[in-house]
Amino acid sequence: MDLDIRRLRYFVAVAEESSFVRAAARLYMTQPALSRQIRALEDDLDVALFVRDRQGTVLTRAGRQLLEDARPMLAASVALEQRVRTAARAENQFTVGFMPGVVVTPIVREFSRMAPDLRVDVVHTSITDQVDYLLDGRVDVCFVRLPLPPGTFKVVPLFPEPRVAALSREHPLARRKAVSIDDLRDVPLLQAPEDVPEWRGSAFSSPAAPGRDLSSLPVTIEECLEAVASGAGFHVMPAGMADFYRRPDVKYLTLDGVAPRMVALAYMEHRTMPELQRFSEISRRMLGPAPD
(Lines give C-alpha, C1' and ligand atoms only; values in the text may rest on other atoms or scores of the structure.)
Protein backbone atom coordinates (compact mmCIF):
# COMPACT_ATOMS: atom_id res chain seq x y z
CA MET A 1 0.00 0.00 0.00
CA ASP A 2 1.26 3.49 -0.91
CA LEU A 3 0.33 6.25 1.53
CA ASP A 4 -1.42 9.23 -0.02
CA ILE A 5 0.57 12.35 0.92
CA ARG A 6 -2.50 14.53 0.46
CA ARG A 7 -4.48 12.45 2.97
CA LEU A 8 -1.59 12.64 5.41
CA ARG A 9 -1.77 16.44 5.20
CA TYR A 10 -5.50 16.28 5.91
CA PHE A 11 -4.87 13.98 8.87
CA VAL A 12 -2.23 16.28 10.39
CA ALA A 13 -4.58 19.26 10.07
CA VAL A 14 -7.36 17.43 11.95
CA ALA A 15 -4.89 16.23 14.59
CA GLU A 16 -3.49 19.73 15.15
CA GLU A 17 -6.90 21.39 15.24
CA SER A 18 -8.58 18.60 17.28
CA SER A 19 -11.63 19.36 15.15
CA PHE A 20 -12.87 18.30 11.71
CA VAL A 21 -14.72 21.62 11.37
CA ARG A 22 -11.69 23.81 12.11
CA ALA A 23 -9.40 21.61 10.01
CA ALA A 24 -11.81 21.81 7.06
CA ALA A 25 -11.81 25.61 7.30
CA ARG A 26 -8.00 25.63 7.47
CA LEU A 27 -7.82 23.39 4.37
CA TYR A 28 -10.50 25.34 2.46
CA MET A 29 -12.68 22.26 2.00
CA THR A 30 -16.01 21.05 3.33
CA GLN A 31 -16.22 19.03 6.51
CA PRO A 32 -17.98 16.02 4.86
CA ALA A 33 -15.28 15.87 2.17
CA LEU A 34 -12.55 15.96 4.81
CA SER A 35 -14.29 13.23 6.83
CA ARG A 36 -14.40 11.02 3.73
CA GLN A 37 -10.67 11.49 3.15
CA ILE A 38 -9.81 10.61 6.76
CA ARG A 39 -12.10 7.58 6.62
CA ALA A 40 -10.35 6.46 3.43
CA LEU A 41 -6.96 6.83 5.17
CA GLU A 42 -8.21 4.76 8.10
CA ASP A 43 -9.44 2.11 5.65
CA ASP A 44 -6.05 2.07 3.92
CA LEU A 45 -4.26 1.57 7.23
CA ASP A 46 -6.99 -0.62 8.74
CA VAL A 47 -6.91 1.35 12.01
CA ALA A 48 -8.97 4.01 13.76
CA LEU A 49 -7.07 7.30 13.96
CA PHE A 50 -9.57 9.43 15.90
CA VAL A 51 -12.31 9.05 18.48
CA ARG A 52 -14.90 11.74 19.08
CA ASP A 53 -16.08 12.57 22.58
CA ARG A 54 -17.49 15.55 24.43
CA GLN A 55 -14.03 17.14 24.52
CA GLY A 56 -13.69 17.06 20.73
CA THR A 57 -11.71 14.94 18.30
CA VAL A 58 -9.02 12.90 20.06
CA LEU A 59 -6.21 10.85 18.56
CA THR A 60 -6.08 7.13 19.21
CA ARG A 61 -2.78 5.46 20.04
CA ALA A 62 -2.38 4.62 16.34
CA GLY A 63 -3.22 8.22 15.48
CA ARG A 64 -0.56 9.56 17.83
CA GLN A 65 2.01 7.29 16.21
CA LEU A 66 0.98 8.38 12.73
CA LEU A 67 1.18 12.05 13.70
CA GLU A 68 4.71 11.56 15.03
CA ASP A 69 5.81 9.93 11.78
CA ALA A 70 3.72 12.00 9.35
CA ARG A 71 5.22 15.40 10.19
CA PRO A 72 8.81 14.59 9.11
CA MET A 73 7.45 12.68 6.11
CA LEU A 74 5.46 15.71 4.95
CA ALA A 75 8.42 18.01 5.59
CA ALA A 76 10.60 15.68 3.53
CA SER A 77 8.11 15.77 0.65
CA VAL A 78 8.13 19.57 0.71
CA ALA A 79 11.93 19.51 0.79
CA LEU A 80 12.01 17.18 -2.19
CA GLU A 81 9.85 19.56 -4.22
CA GLN A 82 11.95 22.55 -3.24
CA ARG A 83 15.27 20.85 -3.99
CA VAL A 84 14.04 19.75 -7.42
CA ARG A 85 12.93 23.30 -8.25
CA THR A 86 16.19 24.70 -6.88
CA ALA A 87 18.18 22.25 -8.98
CA ALA A 88 16.30 23.41 -12.07
CA ARG A 89 17.07 27.06 -11.31
CA ALA A 90 20.70 26.84 -10.16
CA GLU A 91 22.62 23.73 -11.07
CA ASN A 92 25.80 24.81 -9.29
CA GLN A 93 24.33 26.26 -6.07
CA PHE A 94 25.31 25.17 -2.55
CA THR A 95 23.62 26.74 0.50
CA VAL A 96 25.07 26.77 4.02
CA GLY A 97 23.02 27.53 7.12
CA PHE A 98 24.61 29.04 10.21
CA MET A 99 23.51 30.27 13.63
CA PRO A 100 24.54 33.26 15.76
CA GLY A 101 27.77 32.62 17.60
CA VAL A 102 29.22 30.13 15.11
CA VAL A 103 31.76 31.82 12.82
CA VAL A 104 31.72 30.05 9.46
CA THR A 105 33.33 32.62 7.15
CA PRO A 106 36.78 30.93 7.02
CA ILE A 107 35.19 27.57 6.24
CA VAL A 108 32.97 28.99 3.51
CA ARG A 109 35.92 30.87 2.03
CA GLU A 110 38.09 27.73 1.97
CA PHE A 111 35.29 25.63 0.49
CA SER A 112 34.62 28.25 -2.20
CA ARG A 113 38.31 28.24 -3.08
CA MET A 114 38.27 24.46 -3.48
CA ALA A 115 35.00 24.47 -5.44
CA PRO A 116 35.25 27.53 -7.72
CA ASP A 117 32.44 26.31 -10.00
CA LEU A 118 29.89 26.39 -7.18
CA ARG A 119 27.89 29.43 -6.13
CA VAL A 120 27.96 29.26 -2.33
CA ASP A 121 25.18 31.05 -0.44
CA VAL A 122 25.03 31.54 3.34
CA VAL A 123 21.70 31.68 5.21
CA HIS A 124 21.09 32.69 8.82
CA THR A 125 19.06 30.30 11.02
CA SER A 126 18.30 30.02 14.73
CA ILE A 127 18.13 27.19 17.27
CA THR A 128 14.35 27.07 16.96
CA ASP A 129 14.26 26.69 13.16
CA GLN A 130 17.55 24.93 12.32
CA VAL A 131 15.72 21.64 11.69
CA ASP A 132 13.12 23.30 9.46
CA TYR A 133 15.79 24.74 7.17
CA LEU A 134 17.27 21.28 6.68
CA LEU A 135 13.97 19.45 6.28
CA ASP A 136 12.44 21.81 3.73
CA GLY A 137 15.60 22.08 1.65
CA ARG A 138 16.36 25.76 2.14
CA VAL A 139 19.92 24.78 3.02
CA ASP A 140 22.07 21.86 1.88
CA VAL A 141 24.07 21.77 5.10
CA CYS A 142 23.74 23.59 8.41
CA PHE A 143 25.85 24.35 11.45
CA VAL A 144 23.63 23.31 14.37
CA ARG A 145 23.60 22.92 18.10
CA LEU A 146 22.64 19.42 19.22
CA PRO A 147 20.44 17.60 19.94
CA LEU A 148 18.60 16.94 16.67
CA PRO A 149 15.77 14.46 16.07
CA PRO A 150 17.37 11.00 15.62
CA GLY A 151 17.34 9.02 12.41
CA THR A 152 16.93 11.89 9.93
CA PHE A 153 20.26 13.68 9.71
CA LYS A 154 23.90 12.90 9.13
CA VAL A 155 25.66 14.67 12.00
CA VAL A 156 29.34 15.62 12.17
CA PRO A 157 30.21 16.72 15.76
CA LEU A 158 32.66 19.63 15.80
CA PHE A 159 33.24 21.03 19.29
CA PRO A 160 31.54 21.33 22.72
CA GLU A 161 30.37 24.86 23.49
CA PRO A 162 30.08 26.00 27.14
CA ARG A 163 26.82 27.57 28.25
CA VAL A 164 26.33 30.73 30.27
CA ALA A 165 23.59 32.17 32.44
CA ALA A 166 21.92 35.40 31.30
CA LEU A 167 20.79 37.58 34.22
CA SER A 168 19.57 41.13 34.60
CA ARG A 169 22.42 43.46 35.51
CA GLU A 170 20.25 44.55 38.45
CA HIS A 171 20.23 41.05 39.95
CA PRO A 172 22.52 40.60 43.00
CA LEU A 173 24.24 37.59 41.38
CA ALA A 174 25.21 39.74 38.40
CA ARG A 175 28.10 41.16 40.44
CA ARG A 176 29.87 37.83 40.05
CA LYS A 177 31.81 36.54 37.06
CA ALA A 178 30.61 32.96 37.53
CA VAL A 179 27.77 31.09 39.21
CA SER A 180 26.87 27.46 39.70
CA ILE A 181 23.49 26.09 38.68
CA ASP A 182 22.74 25.60 42.39
CA ASP A 183 23.18 29.35 42.97
CA LEU A 184 20.17 29.88 40.68
CA ARG A 185 17.77 27.49 42.41
CA ASP A 186 15.56 30.37 43.60
CA VAL A 187 15.61 32.25 40.28
CA PRO A 188 12.84 31.47 37.77
CA LEU A 189 14.01 29.57 34.69
CA LEU A 190 12.73 31.22 31.51
CA GLN A 191 12.87 28.18 29.24
CA ALA A 192 11.60 24.61 29.08
CA PRO A 193 13.00 22.45 31.94
CA GLU A 194 14.38 19.85 29.52
CA ASP A 195 16.74 22.52 28.15
CA VAL A 196 18.50 22.64 31.53
CA PRO A 197 17.90 19.28 33.25
CA GLU A 198 20.58 20.08 35.86
CA TRP A 199 18.46 22.89 37.31
CA ARG A 200 16.52 21.95 40.43
CA GLY A 201 14.78 25.20 41.25
CA SER A 202 11.72 25.92 43.32
CA ALA A 203 8.52 24.71 41.67
CA PHE A 204 6.83 27.83 42.93
CA SER A 205 9.30 30.34 41.55
CA SER A 206 9.71 28.90 38.06
CA PRO A 207 7.27 29.52 35.23
CA ALA A 208 8.91 26.52 33.55
CA ALA A 209 8.45 24.10 36.44
CA PRO A 210 7.03 20.64 35.68
CA GLY A 211 3.27 20.71 35.39
CA ARG A 212 3.17 24.43 34.64
CA ASP A 213 1.84 25.90 31.40
CA LEU A 214 4.85 26.57 29.14
CA SER A 215 2.87 28.48 26.51
CA SER A 216 3.64 31.80 28.19
CA LEU A 217 7.41 31.30 28.07
CA PRO A 218 9.43 33.50 25.68
CA VAL A 219 9.96 31.87 22.31
CA THR A 220 12.69 33.79 20.48
CA ILE A 221 16.07 34.65 21.95
CA GLU A 222 15.16 38.34 21.70
CA GLU A 223 12.04 37.75 23.80
CA CYS A 224 14.06 35.74 26.31
CA LEU A 225 16.57 38.54 26.75
CA GLU A 226 13.82 41.12 27.19
CA ALA A 227 12.37 38.97 29.98
CA VAL A 228 15.82 38.55 31.53
CA ALA A 229 16.52 42.29 31.40
CA SER A 230 13.21 43.02 33.12
CA GLY A 231 14.24 40.76 36.03
CA ALA A 232 11.73 37.97 35.29
CA GLY A 233 14.35 35.22 35.63
CA PHE A 234 17.41 33.71 34.00
CA HIS A 235 18.12 32.02 30.69
CA VAL A 236 20.84 29.48 29.84
CA MET A 237 22.39 29.85 26.41
CA PRO A 238 25.51 28.87 24.43
CA ALA A 239 28.51 31.10 25.05
CA GLY A 240 28.88 31.90 21.35
CA MET A 241 25.32 33.12 21.16
CA ALA A 242 25.89 35.29 24.23
CA ASP A 243 28.80 36.96 22.42
CA PHE A 244 26.48 37.70 19.51
CA TYR A 245 23.62 39.11 21.65
CA ARG A 246 25.47 41.61 23.82
CA ARG A 247 23.30 44.25 25.52
CA PRO A 248 24.00 46.64 28.43
CA ASP A 249 21.12 45.50 30.65
CA VAL A 250 22.01 41.79 30.58
CA LYS A 251 25.00 40.13 32.27
CA TYR A 252 26.35 36.79 31.04
CA LEU A 253 27.95 34.68 33.74
CA THR A 254 30.15 31.62 33.42
CA LEU A 255 27.91 28.74 34.47
CA ASP A 256 29.21 25.72 36.38
CA GLY A 257 27.30 22.49 36.70
CA VAL A 258 25.61 22.54 33.27
CA ALA A 259 26.73 20.38 30.36
CA PRO A 260 27.97 22.14 27.22
CA ARG A 261 26.11 21.98 23.93
CA MET A 262 27.78 20.25 21.00
CA VAL A 263 28.15 22.31 17.83
CA ALA A 264 27.91 20.10 14.78
CA LEU A 265 27.44 20.08 11.04
CA ALA A 266 24.27 18.39 9.77
CA TYR A 267 22.60 17.47 6.52
CA MET A 268 19.82 15.13 5.44
CA GLU A 269 20.98 11.54 5.81
CA HIS A 270 19.88 10.50 2.32
CA ARG A 271 21.73 13.31 0.51
CA THR A 272 24.62 12.12 -1.69
CA MET A 273 26.08 15.38 -3.05
CA PRO A 274 29.88 14.98 -3.12
CA GLU A 275 30.15 18.59 -1.97
CA LEU A 276 28.63 17.61 1.38
CA GLN A 277 31.52 15.32 2.19
CA ARG A 278 34.05 17.93 1.08
CA PHE A 279 32.40 20.64 3.18
CA SER A 280 32.26 18.27 6.18
CA GLU A 281 35.97 17.51 5.91
CA ILE A 282 36.88 21.22 5.81
CA SER A 283 34.60 21.97 8.78
CA ARG A 284 36.05 19.13 10.82
CA ARG A 285 39.59 20.24 10.03
CA MET A 286 38.96 23.90 10.93
CA LEU A 287 36.55 23.56 13.87
CA GLY A 288 36.87 19.99 15.09
CA PRO A 289 39.13 18.61 17.82
CA ALA A 290 42.86 18.64 17.26
CA PRO A 291 44.25 15.29 16.04
CA ASP A 292 45.95 13.09 18.62
Side-chain angles (χ1 to χ4, degrees), residues 1-86 97 125-139 142 144 146-155 191-195 197 207-220 266-271:
M1 182 201 70
D2 295 325
L3 279 176
D4 188 322
I5 292 293
R6 180 187 56 174
R7 286 177 180 160
L8 279 182
R9 288 196 179 97
Y10 295 161
F11 161 76
V12 170
V14 176
E16 291 179 345
E17 297 291 344
S18 298
S19 164
F20 277 81
V21 174
R22 290 194 297 271
R26 167 176 156 181
L27 295 165
Y28 299 100
M29 62 192 301
T30 65
Q31 187 269 326
L34 177 58
S35 295
R36 286 194 297 271
Q37 293 294 333
I38 297 300
R39 190 159 51 247
L41 179 61
E42 290 178 320
D43 290 343
D44 287 343
L45 295 170
D46 196 25
V47 297
L49 298 172
F50 297 100
V51 293
R52 302 193 194 199
D53 59 20
R54 284 176 294 182
Q55 295 181 339
T57 302
V58 181
L59 286 166
T60 64
R61 181 177 179 182
R64 292 194 297 272
Q65 182 62 58
L66 181 60
L67 181 62
E68 180 180 333
D69 293 333
R71 282 171 168 152
M73 184 181 296
L74 292 175
S77 72
V78 172
L80 183 150
E81 294 175 12
Q82 180 159 333
R83 283 195 295 269
V84 170
R85 294 192 180 102
T86 299
T125 72
S126 71
I127 286 182
T128 56
D129 61 15
Q130 59 183 9
V131 170
D132 297 334
Y133 273 71
L134 285 165
L135 286 175
D136 66 19
R138 279 176 284 178
V139 299
C142 191
V144 300
L146 301 182
L148 293 181
T152 304
F153 306 103
K154 173 69 175 178
V155 175
Q191 61 206 105
E194 57 266 25
D195 288 346
R212 303 289 292 273
D213 179 15
L214 302 183
S215 62
S216 61
L217 286 173
V219 175
T220 68
Y267 54 89
M268 298 295 289
E269 196 165 37
H270 64 272
R271 300 293 302 279

Exercise. Given side chain to side chain contact (heavy atoms under 4.5 Å, CB included), test Val47 with Thr60 step by step and report yes or no.
Key: CA-CA 9 Å; Val47 297; Thr60 64; over 6 Å; no
Practice problem: Carefully, step by step, assess Val131 and Val144 under the rule side chain to side chain contact (heavy atoms under 4.5 Å, CB included). | Solution: CA-CA 9 Å; Val131 170; Val144 300; over 6 Å; no
Practice problem: Step by step, work out the side chain to side chain contact (heavy atoms under 4.5 Å, CB included) result for Leu148 and Gln130. | Solution: CA-CA 9 Å; Leu148 293 181; Gln130 59 183 9; 3.5 Å; yes
Rounded to the nearest 0.5 Å, what separation is found between the [atom1] atom of [X] and the [atom2] atom of [Y]?
X      : Y      : atom1 : atom2 : result
Arg9   : Gln37  : CZ    : CD    : 13.0 Å
Ser19  : Arg52  : OG    : CZ    : 8.5 Å
Lys154 : Leu134 : NZ    : CG    : 14.5 Å
Leu66  : Leu3   : CG    : CG    : 7.5 Å
Phe50  : Leu59  : CZ    : CG    : 5.0 Å
Gln65  : Leu45  : CD    : CG    : 11.5 Å

Practice problem: Let me see the working for Val12 and Leu8 under side chain to side chain contact (heavy atoms under 4.5 Å, CB included), right down to the final yes or no. | Solution: CA-CA 6 Å; Val12 170; Leu8 279 182; 5.5 Å; no
Practice problem: Mind checking salt bridge (charged side-chain N to carboxylate O under 4.0 Å, His left out) for Arg6 and listing every partner two or more places apart, or none if nothing turns up? | Solution: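 In terms of salt bridge (charged side-chain N to carboxylate O under 4.0 Å, His left out), with neighbours along the sequence ignored, Arg6 is linked to Asp4.
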Quiz item: What residues form a salt bridge (charged side-chain N to carboxylate O under 4.0 Å, His left out) with Glu17, not counting sequence neighbours?
Solution: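 Glu17 satisfies salt bridge (charged side-chain N to carboxylate O under 4.0 Å, His left out) with Arg22, Arg26 only.
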Shortest non-hydrogen contact between [X] and [Y], atoms and distance:
X     : Y     : answer
Phe20 : Ser35 : CD2-OG, 3.6 Å
Ala62 : Ala48 : CB-O, 4.0 Å
Ala24 : Leu34 : N-CD2, 3.6 Å

Practice problem: Kindly say whether Gly97 contributes a backbone atom to a donor-acceptor pair with the side chain of Thr125 at under 3.5 angstrom? | Solution: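 Checked: no pair found.
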Quiz item: Does Glu42 use its side chain to pair, donor to acceptor, with the backbone of Leu49 at less than 3.5 Å?
Solution: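 Pair found, side chain donor or acceptor close to backbone of Leu49.
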